[in-house]
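Below: the structure, in structure tokens.
These values consider heavy atoms only, across backbone and side chains, with no hydrogens, waters or symmetry-generated copies. Residue numbers begin at 1 in each chain, while the letters A, B, ... track the order of the sequences.
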Number of protein chains: 2
Amino acid sequence: MFKRFKIPEATIGRLTSYSRFLKEADEKGVTTVSSQQIARATGVTPAQVRKDLAYFGEFGTRGVGYNPRELYNYIMKILGLDRRWSVAIVGAGHLGTALSLYKGFAERGFDITCIFDADPEKIGKKIAGLEVRSLEELSQKVKEYNVELGIVAVPAAAAQEVVDIMVGAGIKGIINFAPVNVSVPEDVVIRRVDLASQLEYLTYHLGETR
Amino acid sequence: MFKRFKIPEATIGRLTSYSRFLKEADEKGVTTVSSQQIARATGVTPAQVRKDLAYFGEFGTRGVGYNPRELYNYIMKILGLDRRWSVAIVGAGHLGTALSLYKGFAERGFDITCIFDADPEKIGKKIAGLEVRSLEELSQKVKEYNVELGIVAVPAAAAQEVVDIMVGAGIKGIINFAPVNVSVPEDVVIRRVDLASQLEYLTYHLGETR
DNA sequence: TAGATTGTTAATCGATTAACAATC
DNA sequence: TAGATTGTTAATCGATTAACAATC
């Protein structure tokens with residue numbers, strides 16, 4: 001879309017944090033921000049900010065700075081967040097339930113529209129106003145709700161099978177919370193979030209300072 | 001501890017995945033693995049594997065390879081996982097509850113030993129066999145249970161205050177699930193896990209392929 | 001010894017930072 | 001115009017990969 005050449009993965013993460021600062025600035029009524037202000041607020045260098053933005057276009061005015069609202073809108077467009085996304089969660093256990101109820105998703109444009117589980121005990125129950133459905137219904141509901149993104153919150157042993165079903169139904173982007181790597185076709189984007197690994201980073205760094 | 005010079009952050013993440021492969025190999029009774037086998041299993045180059053290990057020492061035998069059990073043990077030591085860690089969770093909402101019940105932590109040596117919440121409605125309830133306690137008790141319980149790591153699963157507005165209490169009690173490593181950046185003293189390691197950002201990476205990459 | 005694989009150095013690649021011309 | 005700040009190029013820094021001597 002915007003991508004003309006290879007963009008560092010880290011740039012995308014930084015754009016997210018720039019956008020949060022810009023939104024706040026706009027809400028405060030600020031009409032101009034400099035790369036230095038963005039940099040200070042997000043903990044990077046001003047050159048980094050300008051370089052990150054330069055990958056996608058020219059959004060500022062020399063000698064002046066950036067308009068926070070305009071730049072925010074550009075970044076949201078770059079990140080694909082200038083519209084809402086329909087998301088399915090598979091796994092209605094504790095984690096799946098917690099994620100279904102998490103308000104932060106809707107705030108960033110992600111609507112949890114359906115929840116699935118394999119356990120007959122859970123099917124039919126309501127979470128966040130949504131009925132938990134069987135995996136057999138997934139394909140149909142994905143079409144019905146225009147689901148494009150999925151979240152996997154099932155045990156490791158079930159993850160690959162669940163992902164296959166999701167991919168088969170046409171889901172194009174998946175977050176995997178199961179502690180196992182799963183494979184997907186080339187055109188599907190998958191990202192694994194490993195909860196235990198997060199703690200492992202801490203213990204390594206604590207050992208380091210000893 | 002092992003660190004003699006600066007080690008790439010990515011190396012630490014890769015060590016984690018090497019360790020998982022090595023454990024499996026050992027359990028299968030394999031007595032020798034090569035850097036090439038480790039590389040294939042974890043999706044990196046053999047040179048990368050050897051380089052990552054070289055930061056910490058010499059663990060293989062030239063012409064032969066590595067002993068999976070030995071190398072696993074070395075890596076666990078490097079990561080600070082050659083012992084168990086006591087972890088406190090603050091926030092007994094849906095996410096805090098899900099994390100308290102998550103079995104994957106104990107498997108990697110992390111024992112959730114106490115759970116705290118500010119809400120009087122939740123205090124006294126039991127989650128995963130543990131009583132939810134008030135924040136006033138945090139400092140005392142941290143000492144009692146030798147807590148060194150903490151997980152923050154509270155709303156954004158409460159996160160900084162909660163982190164301050166944790167740091168005051170002597171907790172040295174924190175995972176923050178609240179959607180806000182919090183500050184800590186230099187000697188405390190903090191890592192933020194932003195759930196909505198995970199989905200934002202997907203939408204960017206989906207836009208890219210359009 | 002011949003074959004294999006490590007540990008390490010040198011080459012390459014990529015990302016960040018510094019510097020500055022363009023321009024408001 | 002003078003001062004400020006962008007967009008971009010060049011310099012630097014750091015991480016990955018390739019190559020190979022050491023050695024089992």
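At whole-Å resolution of the value, CZ in A:F59 and C1' in D:dT8 are 15 Å apart. Taking atom NZ on B:K51 and atom P on D:dC20, their separation rounds to 17 Å, with Å as the unit. One interatomic measurement links the two molecules: CG of B:L53 to P of C:dG7, which rounds to 7 Å at whole-angstrom precision. Distance OH (A:Y55) to P (C:dA15): 6 Å, rounded to an integer number of Å.
As the counterpart of C:dC24, D:dG3 is assigned, both hydrogen-bonding distances of the Watson-Crick or G-U wobble pattern falling under 3.5 Å. Judged by Watson-Crick or G-U wobble contacts below 3.5 Å, the nucleotide D:dA10 has C:dT17 as its partner.
Within the 4.0 Å cut-off from OP1 or OP2 of C:dG7, at least one side-chain nitrogen or oxygen of B:Y66 is found. Between A:T45 and C:dT17 there is a side-chain polar atom (N or O) within less than 4.0 angstrom of OP1 or OP2. Under 4.0 angstrom from either OP1 or OP2 of C:dT16 there lies at least one side-chain N or O belonging to A:R14.
The aromatic rings of A:F105 and A:Y102 lie perpendicular to each other, with more than 60° between the two planes, well past the 30° mark.
Out of D:dT16, D:dT5, C:dC20, the shortest distance to the side chain of A:R50 is found at C:dC20. Picking from D:dA18, C:dT6, D:dT16 the nucleotide with the shortest atom distance to the side chain of B:Q48 gives D:dT16. Nearest nucleotide to the B:S35 side chain, out of C:dT6, D:dT6, C:dT16: C:dT6.
Between A:P8 and A:A47, it is A:P8 whose nearest contact on DNA chain C lies nearer the 5' terminus.
Atoms CG and CD1, from B:N176 and B:I190 in turn, are 5.0 Å apart once rounded to the nearest 0.5 Å. Atom-to-atom distance recorded for B:R69:CZ and B:E27:CD is 9.5 Å, nearest 0.5 angstrom.
For the side-chain contact (heavy atoms from CB on, under 4.5 Å) with B:K122, the lone residue among B:I115, B:D117, B:I127 that qualifies is B:D117.
The base of D:dG7 is not paired with the side chain of A:R62 by any donor and acceptor separated by under 3.5 Å.
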